[in-house]
Amino acid sequence: MQTTEPPRAPEDRRRDVLARLRTERDVWVASAGGSGLPYLVPLWFLWDGEAVWLATRATNPTAGNLRDHGRVRLALGDTYDVVLVDGTVEVFGAGDVPPAAADAYAARHGWDPRREPRAYAYLRVLPHAVQAWRGEHELAGRHLLRDGERLGGGEGPGGGGRPDKDEGGGRG
């Protein structure tokens, strides 16, 4: 495939990432166990403007890996429109998840893990690195956030170790 479009500017990439976080339902979740064995699963997600929320059975390898190691990589898209999010994870049981997050997750997906007979874990992912690119021509500027700091120039709200907080088109 040959790309003839110029690379997107960092602010355009941030806007595109935020739009996808608001509208897409599925994300690939990569974790690793104590032995280093990789584990990759697709899960539904919710973007609350600051963090990505996931839910999975508390006994699943993903929940255990993220509980034990606290780090995750999330992936959206195909190889032409990639978004990678690296983040730290906070794990909540169904009884201690913030009600606003659990209610929003249930409303978004039409399913409430708190009502399931088996225990579910809610996973709050705070992004600390974000990469986005569409094709080889955008690889050079793919890092939008690294170690919690925005990269690539441009002004906008946010900081404090998180990607641009979504405040009507803000951070990404």
Side-chain angles (χ1 to χ4, degrees), residues 7-56 58 60-92 97-98 101 104-105 108 121-154 156-167 169-172:
R8 294 171 294 163
E11 288 304 316
D12 293 334
R13 291 184 199 208
R14 285 184 186 93
R15 184 189 63 242
D16 293 345
V17 167
L18 284 171
R20 292 184 67 194
L21 288 170
R22 284 190 298 266
T23 60
E24 293 192 21
R25 294 175 54 102
D26 305 310
V27 66
W28 287 97
V29 180
S31 64
S35 67
L37 183 66
Y39 199 75
L40 181 66
V41 296
L43 293 176
W44 285 343
F45 76 95
L46 168 74
W47 171 248
D48 70 2
E50 182 177 345
V52 174
W53 286 89
L54 310 164
T56 189
N60 283 352
T62 298
N65 293 344
L66 298 180
R67 184 181 311 106
D68 293 347
H69 303 289
R71 294 178 18 203
V72 68
R73 174 167 276 182
L74 307 176
L76 295 170
D78 58 31
T79 59
Y80 181 73
D81 192 5
V82 177
V83 175
L84 297 178
V85 177
D86 294 328
T88 54
V89 180
E90 188 176 3
V91 180
F92 297 89
V97 64
Y105 186 94
R108 170 116 167 99
Y122 285 85
L123 310 164
R124 182 176 188 245
V125 178
L126 288 173
H128 64 79
V130 176
Q131 300 177 60
W133 70 91
R134 289 184 184 157
E136 185 277 331
H137 72 296
E138 287 195 354
L139 286 175
R142 70 184 175 268
H143 295 278
L144 301 178
L145 183 79
R146 186 181 293 147
D147 296 327
E149 298 297 324
R150 288 181 59 166
L151 302 173
R162 297 188 183 119
D164 292 348
K165 188 171 181 178
D166 184 7
E167 297 176 341
R171 306 173 45 144

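In this chain, residues are counted from 1 in sequence order.
- Each of Val82, Leu84, Leu21 was checked for a side-chain contact (heavy atoms from CB on, under 4.5 Å) with Leu76, and the lone residue meeting it is Leu21.
- A search for side chain to side chain donor-acceptor pair (under 3.5 Å) contacts involving Arg20 returns Glu24, Asp81, not counting sequence neighbours.
- Taking both residues in full, the closest heavy atoms of Arg67 and Val91 are given as CA-CG2, 3.8 Å, listed atom of the first, atom of the second, then distance.
- Thr88 contributes atom OG1, which lies 10.5 Å from atom CZ of Arg71 (distance to the nearest 0.5 angstrom).
- Counted within 6.0 Å of CZ on Arg8, heavy atoms from surrounding residues, nucleotides or ligands total more than 12; the atom is thus considered enclosed.
- For the atom pair CD (Glu50) and CG (Leu126), the distance works out to 6.0 Å, reported to the nearest 0.5 Å.
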| task | Apply side-chain contact (heavy atoms from CB on, under 4.5 Å) to Trp47 and Leu18, showing your working. | result | CA-CA 9 Å; Trp47 171 248; Leu18 284 171; 3.8 Å; yes

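- Side-chain atoms of Asp78 come within 3.5 Å of backbone atoms of Tyr80 as a donor-acceptor pair (strictly under, hydrogens ignored).
- The minimum heavy-atom distance linking Glu11 with Arg14 is given by the pair OE2-NH1, 2.8 Å.
- Rounding to the nearest 0.5 Å gives a distance of 12.5 Å between CG of Leu66 and CD of Glu90.
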Could you pull out all donor-acceptor pairs under 3.5 Å where a side-chain atom in residues 30-44 meets a protein atom, sequence neighbours excluded?
unit_1	atom_1	unit_2	atom_2	d
Ser31	OG	Asn65	ND2	3.0
Trp44	NE1	Asp26	OD1	3.4

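- A salt bridge does not link Arg13 to Asp16: none of the charged side-chain nitrogens sits closer than 4.0 Å to a carboxylate oxygen.
- Heavy-atom minimum distance, Ala104 versus Leu46: CB-CD2, 3.6 Å.
- Proximity of a side-chain donor or acceptor of Asn60 to a complementary backbone N or O of Ala63 within less than 3.5 Å is not detected.
- Side-chain contact between Leu54 and Leu74: present, with at least one pair of heavy atoms (C-beta onward) separated by less than 4.5 Å.
- Under the salt bridge (Lys or Arg N to Asp or Glu O under 4.0 Å) criterion, Arg142 pairs with no residue at all, not counting sequence neighbours.
- In terms of heavy atoms, Leu144 sits closest to Ala132 at CD1-CB, 4.0 Å.
- Between Trp53 and Phe92, the two ring planes are tilted [angle within 30° to 60°].
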